[in-house]
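None of these values were measured; they are calculated from a predicted model.
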Amino acid sequence: PRLEDAASAIELLQEVLPSDLDPTLPGGELPLELGEAHDLMGRVLSRFGKGERTATLQSAAQHFRAALEIRTPERDPINRASSREHLAEVLMELQRRTGKGSVEAIQLLEQDLTFYTPWEYPLRCAQTRQRLAIAYMESGRPDLDQAEALVRQVLDPQGRPDPGVVAGAFGLLGHIALRRKRWKDASEYYSQAITGMRTFYANEQLEYGRKFYADRLSILNGAYAECLIEQSKYSDAFFALEAARAQSPAKSDGIASID
């Protein structure tokens with residue numbers, strides 16, 4: 001989407017949303033359409049909002065909280081789960097910027113896991129497990145054991161995981177091993193992630209798919225090269241770095257970019 005389109009969307013939403021976002025308003029008295037507008041406003045701000053980034057993220061979080069007040073478990077459970085996911089994403093970026101937000105983000109994603117059961121929502125469950133693993137990795141007190149346990153649940157063959165999710169899961173295992181300085185394990189995981197990412201996203205026809213493919217491969221190849229250098233495999237590392245350089249640079253913050 002073009003930035004001017006996002007700016008127009010913000011102006012339009014500001015016209016229909018009340019100026020007072022008091023979260024104490026009883027959700028049952030407000031129309032669900034208002035919850036949808038708040039959620040949309042939060043998404044537009046978090047992706048395209050102008051001005052100081054931290055303030056923009058805090059404003060987006062305020063809208064997601066307002067949406068959650070309206071999207072109660074009784075009235076709109078599936079969209080409530082979506083708003084929790086959006087709020088958790090914003091909170092994790094705030095964690096990276098301010099050092100605060102991961103505790104609540106983890107709580108929100110854990111609530112989503114109780115809703116996205118593996119038998120009813122297998123793909124969303126796997127994606128939420130990955131997001132929760134990243135939150136544990138990037139929290140103020142990283143818990144790599146919990147993160148690894150979540151990622152391995154994604155790779156459970158009984159769940160028949162999506163190939164793209166599998167590639168992302170191997171990337172996360174690589175990052176966990178990298179944090180632990182287990183260079184050989186990390187390089188093997190990254191190799192599997194790169195192979196899976198190439199196979200899955202090479203068939204994407206949309207422009208977003210090609211950019212997604214390029215960004216993820218750039219990140220994975222760069223991390224793979226780091227592991228190879230630590231093992232003194234300089235020739236292989238050179239080719240991995242060349243592959244990373246050949247892809248478009250990723251602009252996203254944090255390790256969420258390999259999810």
Exercise. Look up atom CG in L94 and atom OG1 in T56, then write down how far apart they are to the nearest 0.5 Å.
Key: 10.0 Å
Quiz item: Do Y136 and I176 share a hydrophobic cluster (ILVMFWY, side-chain heavy atoms under 4.5 Å, transitive)?
Solution: no
Practice problem: Report yes or no: does S191 contribute a side-chain atom to a donor-acceptor pair with the main-chain N or O of S187 at less than 3.5 Å? | Solution: no
Practice problem: Say whether, by atom type as modelled, one donor and one acceptor occur between the side chain of Y190 and the main chain of H175 under 3.5 angstrom. | Solution: yes
Practice problem: Can you measure from OG (S102) to CD1 (I134) and round to the nearest 0.5 angstrom? | Solution: 13.5 Å
Exercise. Could you list the residues that satisfy salt bridge (charged side-chain N to carboxylate O under 4.0 Å, His left out) with E188, not counting sequence neighbours?
Key: none
Quiz prompt | Side-chain (R129) to main-chain (V151) donor-acceptor, under 3.5 angstrom | solution = no
Self-check item: Distance, nearest 0.5 Å, that separates OH of Y234 from CG of L241
Solution: 12.5 Å
Quiz item: When you check the gap from the basic side-chain N to the acidic O, do R180 and E148 get nearer than 4.0 Å?
Solution: yes
Quiz prompt | Residues E85, R124: salt bridge by 4.0 Å N-O rule | solution = yes
Practice problem: Spell out, yes or no, whether M92 and L68 are grouped together once hydrophobic residues are joined by side-chain heavy atoms under 4.5 Å, including indirect joins. | Solution: no
Quiz item: Is R47 salt-bridged to E89, cutoff N-O under 4.0 Å?
Solution: no
Quiz item: For the side chain of S46 and the backbone of R43, is there at least one donor-acceptor N/O pair under 3.5 Å apart?
Solution: yes
Self-check item: Donor-acceptor pair, side chain of R96 and main chain of E138, under 3.5 angstrom
Solution: no
Quiz prompt | Main-chain N/O of C227 paired to Q231 side chain as donor or acceptor, under 3.5 Å | solution = yes
Self-check item: Interatomic distance, Q62 atom CD to L87 atom CG [nearest 0.5 angstrom]
Solution: 11.5 Å
Quiz item: Atom CE in M41, atom OG in S59: separation rounded to 0.5 Å?
Solution: 6.5 Å
Self-check item: Spacing of CG belonging to L91 relative to NE2 belonging to H86, to within rounding of 0.5 Å
Solution: 13.0 Å
Quiz item: Got a donor-acceptor contact below 3.5 angstrom from the D76 side chain to the T72 backbone?
Solution: no
Quiz prompt | Electrostatic pair D236:K233 at N-O distance under 4.0 angstrom | solution = no
Quiz item: Would you call R152 and D156 a salt bridge, taking side-chain N to carboxylate O under 4.0 Å as the test?
Solution: no
Exercise. Taking E93 for its side chain and L57 for its backbone only, find out whether a donor-acceptor pair lies under 3.5 Å.
Key: no
Quiz item: Would you say the side-chain atoms of R71 pair up with the backbone N or O of S82, donor to acceptor, closer than 3.5 Å?
Solution: no
Practice problem: Take T128 and D112 through the side chain to side chain donor-acceptor pair (under 3.5 Å) test and state the conclusion after the steps. | Solution: CA-CA 7 Å; T128 302; D112 268 3; 5.0 Å; no
Practice problem: Please answer: with hydrophobic residues joined when any side-chain heavy atoms are less than 4.5 Å apart, are L172 and L144 in the same cluster? | Solution: yes
Exercise. Only counting residues at least two apart or in another chain, list the ones meeting ring-ring contact (aromatic ring centres under 6.0 Å, His included) with Y121.
Key: F115, Y116
